[in-house]
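Numbering of residues begins at 1 and proceeds along the displayed sequence. Small disclaimer: the values here were computed from a predicted structure and weren't measured.
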Amino acid sequence: MGFNGAIPGAARLHLVDGVALLRPEEQVFTAMLTGFANRQLARNLARTPVEGRENTVKAFAAYVNTYPWHWTLAMVDEWLGDLRSLRDLRRSTIRSYSEAIRAFCHFVTDPLYDWAATCEERFGTHPVQGVHEWNTAVHVQDNESDAKKRAFTKAPTGPVPSSRPAPSSPSLSVCLRQSSLAPGARS
């Protein structure tokens, strides 16, 4: 728990109840981003991926030119489609962007952090989760890099060493089989 029993990233840690904001949309969005970063840092994540996710969320907000409490599934679909078709980004990049938006939407819609209630109170609407399994790319391979860059893509040039050591004595299965075949053995 954080200050006054609130958890890192909670709305009440970033906005004061009853205080009118000069630019409410912008200030609430900035507070959401700060809360999102604080939540990730509280989970002991490194600063670099936290900043990367924040930049992705900002890029999406700039693309749709609206705030999270107005985001829709169609906006997410259009953005991800444009990133793939117009900017020709790699599948792994598209997936990391969609996961950043998914994580942010999960954060702002989680009742534990009060962002949905804060938006409902201030703007008459609330954020929704816009990234689902049916509108994002699926991770289907263990390694998504180019085949040229993948390890073990070339055929070995010499004999492949065996991972088994040479037997120094007959294995147990051979001994058991031989003992069961021996004259006088019970079946």
With the 4.5 Å side-chain cut-off for hydrophobic clustering, are Tyr63 and Phe36 part of the same group?
yes

Stepwise, does the side-chain contact (heavy atoms from CB on, under 4.5 Å) test hold for Arg95 with Arg90?
CA-CA 9 Å; Arg95 186 173 17 270; Arg90 299 229 180 245; over 6 Å; no

What distance do Arg87 atom CZ and Asp82 atom CG have between them, rounded to the nearest 0.5 Å?
10.0 Å

Please examine the side chains of His106 and Asp110, heavy atoms only from C-beta on, and report whether any two atoms are closer than 4.5 Å.
yes

Taking all atoms of both residues into account, what is the closest heavy-atom pair of Ala116 and His126, and its distance?
O-CB, 3.6 Å

Residues Ala100 and Val57: closest non-hydrogen pair is O-CG2, 4.1 Å

I would like to know whether Glu25 and Trp69 meet side-chain contact (heavy atoms from CB on, under 4.5 Å); could you show each step before the answer?
CA-CA 10 Å; Glu25 291 88 0; Trp69 46 94; 3.8 Å; yes

Output the distance between atom CG (Leu89) and atom CZ (Arg84), rounded to the nearest 0.5 Å.
8.0 Å

Contacts satisfying salt bridge (Lys or Arg N to Asp or Glu O under 4.0 Å) that involve residues 53-69 (not counting sequence neighbours) are Glu54-Lys58

Is there a path of hydrophobic side-chain contacts, each under 4.5 Å between heavy atoms, that joins Tyr97 and Val50?
no

Quick one: hydrophobic cluster around Leu86, which other residues, with the 4.5 Å side-chain cut-off, linked directly or via members?
none

Describe, in one word, how the ring planes of Phe29 and Phe104 are oriented to each other, choosing from parallel (under 30°), tilted (30 to 60°) and perpendicular (over 60°).
perpendicular

Which is it for Thr66 and Met75 under the side-chain contact (heavy atoms from CB on, under 4.5 Å) test, yes or no, and what are the steps along the way?
CA-CA 10 Å; Thr66 192; Met75 291 174 180; 3.9 Å; yes

Does Tyr113 form a side-chain contact (heavy atoms from CB on, under 4.5 Å) with Arg39? I'd like the steps, not just the answer.
CA-CA 10 Å; Tyr113 299 100; Arg39 175 183 177 238; 3.0 Å; yes

Gap separating the CD1 atom of Ile94 from the CG atom of Leu80, nearest 0.5 angstrom:
6.5 Å

Same cluster or not: Leu112 versus Leu33, using hydrophobic residues (I, L, V, M, F, W, Y) connected whenever any side-chain heavy atoms lie under 4.5 Å apart?
yes

Of the non-hydrogen atoms in Thr56 and Ile101, which two are nearest, and what is the gap between them?
O-CD1, 4.0 Å

Sub-4.5 Å side-chain heavy-atom contact between Tyr67 and Val28
no

Main-chain N/O of Arg23 paired to Gln27 side chain as donor or acceptor, under 3.5 Å
yes

Which pair of heavy atoms, one from Gly130 and one from Leu73, lies closest together, and at what distance?
O-CD2, 3.1 Å

Does a side-chain heavy-atom distance below 4.5 Å link Phe123 with His70?
no

If every non-hydrogen atom of Gly35 is compared with every non-hydrogen atom of Phe107, which pair is closest and at what distance?
C-CZ, 3.4 Å

Specify whether Trp71 and Phe60 have parallel, tilted or perpendicular ring planes, treating 30° as the upper limit for parallel and 60° as the lower limit for perpendicular.
perpendicular

